[in-house]
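If you're wondering where the values come from, they're calculated on a predicted model, not measured in any experiment. Along the sequence shown, residues carry numbers from 1.
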Amino acid sequence: MATSNNTVGVDNTFRKKFDREEYLERAREREKQEAEGRGKSKAKGPPVQRKPLKHRDYEVDLESRLGKTQVVTPVAPLSQQAGYYCSVCECVVKDSANYLDHINGKKHQRALGMSMRVERASLQQVQERFEQLKKRKAPGSFSEQDLDERIMKQQEEEEERRRQRRERKKEKKKEKAAEEEPEIDPDVAAMMGFGGFGSSKK
């Protein structure tokens, strides 16, 4: 007797049947929601007006912690972790080059309320800036002779440093030789025959 696997009344085609009307209705609702969402985002208000870029009026401190050691714990606050801390963005940057990139970057400038555009300077502003720079620099403060003197002075200082370094090395060698030389009692040395090599006693 042969039995068949097809049972009457069971759908074993495993094909999913789609209702076109249902999916068209879902698509229309989704498009309607997206259109409302776009309308709301545009109606938030006028765009934020940001100030143009301006030069820094403070000195960037990159060398205050140079050469210092610091204990870093995983539970320390951000401002006390290793690296450079930006209080505006509340982040830590690991080295000075990346810190400079960060404070000159778009994210930091936006947090300060500035756009990345530079204000166009007028002729009057440029002339005033030149006048300020002329006043700051004393007339006749620099010449080639000054440069030659500074170079000669720097070379003399470098030569003096080298000479002192050589003297320190010589002193260290003498101290090391004195420490390594064992101190021997003269009587013991005479008994062992260390005294008077090459000398004749009469």
Side-chain angles (χ1 to χ4, degrees), residues 44-183:
K44 282 182 181 176
V48 177
Q49 291 294 323
R50 298 184 181 276
K51 295 179 278 182
L53 277 177
K54 61 179 184 177
H55 70 282
R56 260 195 243 47
D57 55 355
Y58 61 92
E59 190 71 28
V60 179
D61 181 27
L62 297 175
E63 299 174 355
S64 66
R65 299 192 312 184
L66 186 68
K68 294 184 179 176
T69 57
Q70 179 181 359
V71 176
V72 180
T73 60
V75 294
L78 276 176
S79 61
Q80 295 176 357
Q81 288 185 0
Y84 294 91
Y85 176 69
C86 174
S87 58
V88 176
C89 304
E90 295 182 353
C91 65
V92 176
V93 187
K94 294 299 177 191
D95 61 5
S96 60
N98 287 334
Y99 180 67
L100 284 174
D101 287 344
H102 169 75
I103 62 176
N104 292 331
K106 192 175 196 177
K107 179 182 172 190
H108 184 80
Q109 297 299 332
R110 287 203 172 204
L112 290 174
M114 287 188 258
S115 69
M116 293 304 286
R117 296 204 173 115
V118 180
E119 184 179 17
R120 198 160 165 84
S122 66
L123 177 63
Q124 182 66 29
Q125 289 173 328
V126 172
Q127 288 174 341
E128 288 173 4
R129 183 72 177 162
F130 277 135
E131 289 300 319
Q132 287 177 355
L133 292 173
K134 282 180 185 177
K135 289 177 184 175
R136 190 186 314 173
K137 180 183 169 187
S141 64
F142 182 75
S143 67
E144 285 188 29
Q145 186 178 6
D146 292 341
L147 180 62
D148 292 337
E149 289 175 7
R150 284 177 27 200
I151 290 173
M152 290 295 290
K153 186 176 180 182
Q154 191 172 10
Q155 287 174 349
E156 289 171 3
E157 289 174 357
E158 184 66 29
E159 187 61 38
E160 179 66 22
R161 272 188 249 128
R162 286 186 193 142
R163 187 184 59 75
Q164 289 176 355
R165 202 175 304 134
R166 283 192 297 258
E167 287 178 4
R168 273 188 255 132
K169 281 185 181 179
K170 286 179 183 176
E171 288 175 10
K172 283 183 182 179
K173 281 184 180 179
K174 287 179 183 176
E175 289 175 6
K176 195 172 185 180
E179 288 176 7
E180 290 178 358
E181 187 176 300
E183 295 183 21

Is it the case that the side chain of [X] and the backbone of [Y] share a donor-acceptor pair, with hydrogens and angles ignored and the cut-off at 3.5 Å?
X	Y	result
Tyr84	Leu62	yes
Gln125	Ser122	yes
Glu119	Lys51	no

Could you report the tightest heavy-atom contact between [X] and [Y], atom names first, then the distance?
X	Y	result
Asn104	Arg56	OD1-NH2, 3.0 Å
Ala82	Val92	O-CG1, 3.2 Å
Pro52	Ser115	CA-OG, 4.0 Å
Leu53	Gln109	CD2-OE1, 3.5 Å
Ala121	Val126	CB-CG2, 4.2 Å
His108	Cys89	ND1-SG, 3.5 Å

Measuring from atom [atom1] of [X] to atom [atom2] of [Y], what distance do you get when rounded to the nearest 0.5 angstrom?
X	Y	atom1	atom2	value
Gln80	Leu78	CD	CG	10.0 Å
Cys86	Lys107	SG	NZ	8.0 Å
Lys153	Glu156	NZ	CD	9.0 Å

Could you work out, with side-chain contact (heavy atoms from CB on, under 4.5 Å) as the rule, every residue matching [X], not counting sequence neighbours?
X	answer
Glu160	Arg163, Gln164
Arg162	Glu158, Glu159, Arg165, Arg166
Glu128	Gln124

Open item on the list: How about CD on Gln154, more than 12 heavy atoms from neighbouring residues, nucleotides or ligands closer than 6.0 Å, or not?
Closed with: no
Open item on the list: Within the supplied structure, the quantity of interest is the number of heavy atoms (other residues, nucleotides, ligands) at a distance under 6.0 Å from Arg161 CZ; does it exceed 12?
Closed with: yes
Task: Test side chain to side chain contact (heavy atoms under 4.5 Å, CB included) applied to Val93 and Asp101, Asn98, Ile103, Leu100, the passing residue - done: Asn98
TODO: For residues Tyr99 and Lys94, determine if any side-chain heavy atom of one lies less than 4.5 Å from a side-chain heavy atom of the other.
DONE: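 Side chain of Tyr99 against side chain of Lys94, heavy atoms only: no contact under 4.5 Å found.
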